[in-house]
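Just so we're clear, the structure is a prediction, and the values are computed from it rather than from any experiment.
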Amino acid sequence: MQENFIVTGMTCSACSAHVEKAVNRLGGVSQATVNLMTGGMNVSFEGITAQQIIDAVIDAGYGCELAGESAREKRSARQTEELRRKKRSLLLSAAFLIPLCYIAMGHMLHLPIPDALAQNMRLNGFVQLIILLPILWWNRNYFIIGFSRLVKRSPNMDSLVALGAAAGIAYSLIEMITLSNSLHGSSHLYFESAGMILTLVTVGKYLEKRSKKKTGQAIEKLMDLSPETAILLKDGEEIEIPTGQLQKEDVFVVKPGSMIPVDAVILEGTSGVDESALTGESIPVEKKPGDRVISATMNKAGRLICKAEKVGEDTTLANIIRLVEEASASKAPIAKMADKIAGI
């Protein structure tokens, strides 16, 4: 069988490689593919439960849950919040990086620098450190996640960023202690390099999260095609119920101008049905008793009485959404090789 999962906490290809490795080690798993962009994981397995797969991902240091409507909603809200937070971090980091680079490298471009900073290199270095501290604070997750993954022997890109920035800062602090009071001494401080590393990586992270959000929005738009309510016909009465409560063999009414909630067969009525949202056909298709209609299409004219054939996750729309998610989670052989190299 196949199941889709949502994995949280991944930041780079090394993370997705670690998750795939953790799941593929389980007996009964024939294939597990993780899509870093969407945070989705598609697993083919038998003989084990979905909970065992979730536990394996959690043991590897990441979050995991079965993909479903509530999980997708939480993922969308989480992506929106992460994007907002990353944008704020990027703007604030860039605002402090500009004066930091000016003080550290202005003399190389013969730009005017205050005499106190130009003549006292220890003071120059101290000011650079003070300006760097807000950048470190807003990008502290690189160090928290990076070093924690290093301790767990599953380093990722954050580990490299944290090591690079920390090395520059540690070296600069040592240099400040022994710094000679000369202009040449300032070239041995690398506070601006640490700030530049963190800010530039944040640019990439921000763009990546924007792409994730757009991918998620495309899937959400497909989900929004399905109507929220349906009109159930029971004992001659029309009862409005949530679409999710429709059962197979239920008889329901589709009024003119309404969306068809599930895949069904027409019992009574004739009408033109607009299927352009799913098929791209711009001209409504004439439907009569005995014809089948599919979910998320629109009844244009007549009143239809239909009997539900496929509901819930079995509808055509649900299958399209599932195929889109599976396609986005699948990888070409060269992409799989690239992820393995990145993991190493």
Side-chain angles (χ1 to χ4, degrees), residues 1-4 6 35 37-38 40 42 44 66-73 75-76 211 213-330:
M1 64 179 296
Q2 280 193 349
E3 287 285 2
N4 290 317
I6 292 177
N35 187 318
M37 185 62 67
T38 62
N42 180 263
S44 300
L66 274 170
E69 187 173 346
S70 61
R72 292 190 186 101
E73 290 176 355
R75 178 176 62 182
S76 177
S211 297
K213 181 63 179 175
K214 288 182 178 179
T215 302
Q217 287 175 339
I219 294 175
E220 287 174 9
K221 287 179 180 178
L222 281 175
M223 296 173 63
D224 290 340
L225 292 175
S226 179
E228 295 182 358
T229 60
I231 300 176
L232 179 67
L233 188 62
K234 190 172 184 179
D235 299 328
E237 294 185 7
E238 296 182 2
I239 306 171
E240 187 171 305
I241 62 172
T243 299
Q245 292 183 10
L246 269 181
Q247 302 294 322
K248 191 174 180 180
E249 304 295 330
D250 279 349
V251 177
F252 60 92
V253 176
V254 184
K255 296 180 178 180
S258 299
M259 302 291 285
I260 296 171
V262 296
D263 293 7
V265 61
I266 298 176
L267 300 179
E268 298 179 21
T270 59
S271 179
V273 177
D274 182 359
E275 300 179 344
S276 59
L278 299 182
T279 66
E281 175 56 60
S282 59
I283 301 175
V285 180
E286 291 297 323
K287 298 289 184 178
K288 59 184 183 299
D291 290 343
R292 284 177 169 77
V293 289
I294 52 181
S295 57
T297 57
M298 179 175 286
N299 177 24
K300 300 295 288 185
R303 182 175 184 270
L304 298 177
I305 298 178
C306 308
K307 181 172 69 174
E309 285 192 329
K310 296 179 180 179
V311 298
E313 294 298 318
D314 295 328
T315 64
T316 300
L317 179 63
N319 284 326
I320 290 174
I321 293 172
R322 182 162 54 249
L323 287 172
V324 170
E325 291 181 333
E326 289 176 1
S328 65
S330 63

Distance-minimising heavy-atom pair for [X] and [Y]:
X      : Y      : value
Gly312 : Thr315 : O-OG1, 3.3 Å
Pro289 : Gly269 : CD-O, 3.3 Å
Ser282 : Ser276 : CA-CB, 4.4 Å
Phe252 : Ala308 : CE2-N, 3.8 Å
Pro261 : Ala230 : CG-CB, 3.8 Å

Review point. According to the salt bridge (charged side-chain N to carboxylate O under 4.0 Å, His left out) rule, which pairs have a member within residues 267-282, sequence neighbours left out?
Key: Glu275-Lys287
Could you pull out all residues at least two apart from [X] that satisfy salt bridge (Lys or Arg N to Asp or Glu O under 4.0 Å)?
X      : answer
Lys248 : none
Asp314 : none
Lys300 : none
Glu3   : none

Study note, to complete from the structure: side chain to side chain donor-acceptor pair (under 3.5 Å) filter on Thr316, not counting sequence neighbours, yields Asp263
Study note, to complete from the structure: By side chain to side chain donor-acceptor pair (under 3.5 Å), Ser44 pairs with (sequence neighbours left out) Gln2
Review point. Which pairs count as side chain to side chain donor-acceptor pair (under 3.5 Å) when at least one residue sits in residues 234-245, sequence neighbours excluded?
Key: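 Only Glu238-Arg303 qualify under side chain to side chain donor-acceptor pair (under 3.5 Å).
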To the nearest 0.5 Å, what is the distance between [atom1] ([X]) and [atom2] ([Y])?
X      : Y      : atom1 : atom2 : result
Cys306 : Leu233 : SG    : CG    : 10.5 Å
Ser271 : Asn299 : OG    : CG    : 3.5 Å
Ile241 : Leu246 : CD1   : CG    : 4.5 Å
Leu267 : Leu304 : CG    : CG    : 10.0 Å
Asn4   : Ile6   : CG    : CD1   : 9.0 Å

Point to revise | Verdict with supporting geometry, Ile260 and Ser295, side-chain contact (heavy atoms from CB on, under 4.5 Å) | key: CA-CA 5 Å; Ile260 296 171; Ser295 57; 5.6 Å; no
Point to revise | Any side-chain heavy-atom pair of Val273 and Pro284 under 4.5 Å | key: no
Review point. Between Ile294 and Leu317, does a side-chain contact (heavy atoms from CB on, under 4.5 Å) hold up when you go through it step by step?
Key: CA-CA 8 Å; Ile294 52 181; Leu317 179 63; over 6 Å; no
